[in-house]
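These notes are about the structure you will find just below.
Please read all numbers here as calculations on a predicted model, not as lab measurements. Per chain, numbering begins at 1; letters A, B, ... match sequence-line order.
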Amino acid sequence: MKPTLPQGTRDFSAAILRKRNFIFQTIRDTFELYGFEPLETPAMEHTETLMGKYGDEGDKLIFKILNNGLDNPAKHDSAKNDFESVLNGKTMKGITERALRYDLTIPFARYVAMNHGQLSFPFKRYQMQPVWRADRPQKGRYREFYQCDADIAGSTSLLHETELALIYATVFQQLNVSVEIRINNRKILNALANLCGGADRMMMITIAIDKLDKIGIDKVKEELATRGLNEDQIKTVESFISISGTNEEKITQLQSLFSEDAIGLEGINELKFILDLFPHSTFHSPLIIDLSLARGLNYYTGTIFEVKAIGVQMGSIGGGGRYDDLTGLFDVKGIAGVGISFGVDRIYDVMEELNVFPESIQKGTTVLFFNTGAEEQKYIFSIAQNLRAAGISAEIFHESAKFDKQFKYAEKKNIPFVAIIGSKEIENGTCMLKNLANGEQKEVAVAELKNNF
RNA sequence: GAGGUUGUAGCUCAGUUGGUUAGAGCGUCUGAUUGUGGUUCAGAAGGUCGUGGGUUCGAGACCCAUCAUCCUCCCCA
């Protein structure tokens, strides 16, 4: 059979992996710098842990795992019945008890809910693992991709929001990617919904204004009208999304628009707190209020974040926000959470397009020992071991071959030095060391070899 | 879930209105070179033209189906 990959998945070869690891390492270091601790959870969760947490669209995109043993004759009838009910869109526990995780936030919530008795709060964890979605792949969209999340559970302090924004700014600064860190607050959107006929309209209104970038103001108004907003209410929405200017100017305008709405004012004050504390001048990438930012996930209740790369056509490369009742989904009340996520695969695509990966991350083996024969090979073996013990990565060519071939191997693997030891060198206790970048070659004593890299 | 794109050598792609034995570049391997690469030269290997039907004297090309791919919308990282 002809081997192929499942749709939306990829193999990662050495050069790609070094670049990816550079991103992972940058993110990990920054997370650690802010006191987050690592956590890993299983690739699979109970299907019911995940179902219903991401909306109807999300449920459809969850990869379900077929139960084992369905072919057992004793279970034949019940399996058949369960398949029937799956076909009718009903429960599926008899068929799929487990599913692949869809994001890292719900598994985190599950973990906190299970362990809240042991954890000391605020609990700050980071997690960098793949997630799976049964989406149709396209640019920047994969069926298996990595997320890097940092979340805080058990604290409502706005210090966390500010630090999370700082983490975004720091990481993208280090990666040399210009981004816009967009921030908004669900309480403000809530207040807007109140002015437009009730809080239950928030999701609908936010989904409409979230499309502003793509479809324009007229289409948004059209959509609002078909959703049952009257003219006055549409006008309110319009005046809301036409708020513009600097962050300070936006806040002033918001304050006058929502002067009567306690929750709205609370949201505005939260924004103000974060923006005031954030050291804007330290970073290239701006932290800006984006009132059209809504984010689909319905568990967000306060601050929401989104990160967009500048100068590249790509969906958001990071997102997050505050959820006041995350573990409530698992019957543990009163634990607030806030977190952010990095989309590593999209960040990779952006960096590749902008060509901003540093050259230095592609260093692999430092020196290749040419293989000049069976006797020499034995002699070289211990020399290579000494180098490795000194922390210098070394390879011995696997067989005695023409130099031409051995040179080409070194070239292909980007190995900067080759070391040649034949009978002459063994006699002299030396080594012919050649720098492939400039072609310079010198004879050095074997004992001195490790000081030449 | 809806719409579109493209499937020809390991890779990137040519292949005219259907016409004899399907090509190129790169890569791979061998040699020119018995201890010095990147250049050059000579040669070789490598293809059920995505798959299955159909139209035709004749299909890589046309038609249908199917699979895969990439992209757009929806939604998202």
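Side-chain proximity of A/Gln138 to the nucleotides B/G35, B/U72, B/A77 is greatest for B/U72. With B/G38, B/G31, B/U36 as the choices, the nucleotide that has an atom nearest any side-chain atom of A/Phe407 turns out to be B/U36. When distances are taken from the side chain of A/Met432 to each of B/A2, B/U28, B/U36, the shortest belongs to B/U36. The A/Ser423 side chain lies nearest to B/G35 when the options are B/U30, B/A2, B/G35. Listed candidates were B/U28, B/G37, B/U36. Nearest to the side chain of A/Lys412 is B/U28.
Here B/A44 sits opposite B/U28 as a Watson-Crick or G-U wobble pair (both hydrogen-bonding atom distances under 3.5 Å). With both pairing distances under 3.5 Å, B/A9 is matched to nothing as a Watson-Crick or G-U wobble pair. With a 3.5 Å ceiling on both atom-pair distances, B/G60 lacks any Watson-Crick or G-U wobble partner. In a base pair of the Watson-Crick type (N1 to N3 plus N6-O4 or O6-N4) or a G-U wobble (N1-O2 and O6-N3), with each distance short of 3.5 Å, B/U51 is matched with B/A65. B/G37 makes up no base pair with any nucleotide shown, lacking Watson-Crick or G-U wobble contacts both under 3.5 Å. Across all strands shown, the partner of B/C70 is B/G4, judged by Watson-Crick or G-U wobble contacts whose two distances both fall under 3.5 Å.
Between A/Asp103 atom CG and B/A77 atom P there is a gap of 8 Å when expressed in whole angstrom units. One atom, CZ of A/Arg10, and another, C1' of B/A77, lie 11 Å apart when rounded to the nearest Å. Atoms OH (A/Tyr409) and P (B/G38) sit 19 Å apart, rounded to a whole Å. With rounding to whole Å, A/Ile420 atom CD1 is found 10 Å from B/G37 atom P. Here B/A2 presents its C1' atom at 8 Å from CZ of A/Arg136, a figure rounded to the nearest Å. We find that CE of A/Met314 is positioned 15 Å from C1' of B/U72, with the value rounded to whole Å. Rounded to an integer number of Å, the gap from NZ of A/Lys424 to C1' of B/U34 is 13 Å. One can place NZ of A/Lys139 at 7 Å from P of B/U72, the figure rounded to the nearest angstrom.
In terms of position along RNA chain B, the nucleotide closest to A/Gly8 lies nearer the 5' end than the nucleotide closest to the other residue of the pair A/Gly8 and A/Gly58. Looking at which nucleotide of RNA chain B each of A/Pro137 and A/Arg143 is closest to, the 5′-most match is held by A/Pro137.
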Exercise for review: Could you please spell out the steps behind the side chain to side chain contact (heavy atoms under 4.5 Å, CB included) verdict for A/Ile27 and A/Met128?
Suggested key: CA-CA 9 Å; A/Ile27 295 172; A/Met128 316 203 333; 4.2 Å; yes

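Within 4.0 Å of A/Gly140, counting heavy atoms only, lies at least one base atom of the nucleic acid. Within the nucleic acid shown, A/Ser316 comes within 4.0 Å of sugar-phosphate atoms alone, with no base atom in reach, counting heavy atoms only. Residue contacts shown for A/Leu61 are absent, as no nucleic acid heavy atom lies under 4.0 Å away. Note on A/Tyr142: a base of the nucleic acid sits closer than 4.0 angstrom, heavy atoms only. Within 4.0 Å of A/Lys60, counting heavy atoms only, lies no atom of the nucleic acid at all. Within 4.0 Å of A/Gln147, counting heavy atoms only, lie sugar-phosphate atoms of the nucleic acid but no base atom.
For B/U69, the OP1/OP2 oxygens have a side-chain nitrogen or oxygen of A/Gln7 closer than 4.0 Å.
For the C1' atom pair drawn from B/G18 and B/A42, the interatomic distance equals 38 Å after rounding to whole Å. If you take atom P in B/U33 and the same atom in B/C49, they sit 42 Å apart, rounded to whole Å. Look at the C1' atom in both B/C76 and B/U8: the space between them is 36 Å, to the nearest Å. B/A22 and B/U66: their P atoms are spaced 31 Å apart (whole Å). Using atom C1' as the reference point in both B/U56 and B/C63, the two lie 12 Å apart (nearest Å). Using atom C1' as the reference point in both B/U39 and B/A32, the two lie 14 Å apart (nearest Å). Separation of the P atoms belonging to B/U16 and B/G7 is 12 Å when rounded to the nearest angstrom. With P as the reference atom, B/C64 and B/U21 are 28 Å apart, rounded to whole Å.
A donor and an acceptor atom sit less than 3.5 Å apart, one in the side chain of A/Glu425 and one in the base of B/G35. Side-chain to base pairing of A/Arg133 with B/C75: no donor and acceptor N or O lie closer than 3.5 Å to each other. One can find a donor-acceptor pair under 3.5 Å joining the base of B/C75 and the side-chain atoms of A/Arg141.
Taking the six-membered ring for Trp and the full ring otherwise, A/Phe369 and A/Phe397 have centroids separated by 6.0 Å or more.
Between the CG atom of A/Leu158 and the OG1 atom of A/Thr303 there is a distance of 6.0 Å, given to the nearest 0.5 Å. Expressed to the nearest 0.5 Å, how far OG1 of A/Thr236 lies from CG of A/Asn194 amounts to 12.0 Å.
Contact of the A/Arg101 side chain with the A/Gln129 side chain is registered, since non-hydrogen atoms from C-beta on lie closer than 4.5 Å.
A cation-pi geometry, defined here as NZ or CZ lying under 6.0 Å from the six-membered ring centre and within 45° of its normal, holds between A/Arg125 and A/Phe108.
Using cut-offs of 30° and 60° for the angle between ring planes, the A/Tyr168 and A/Phe172 rings count as parallel. Ring orientation note: the planes of A/Phe417 and A/Phe453 are nearly perpendicular, at an angle over 60° on the 30°/60° scale.
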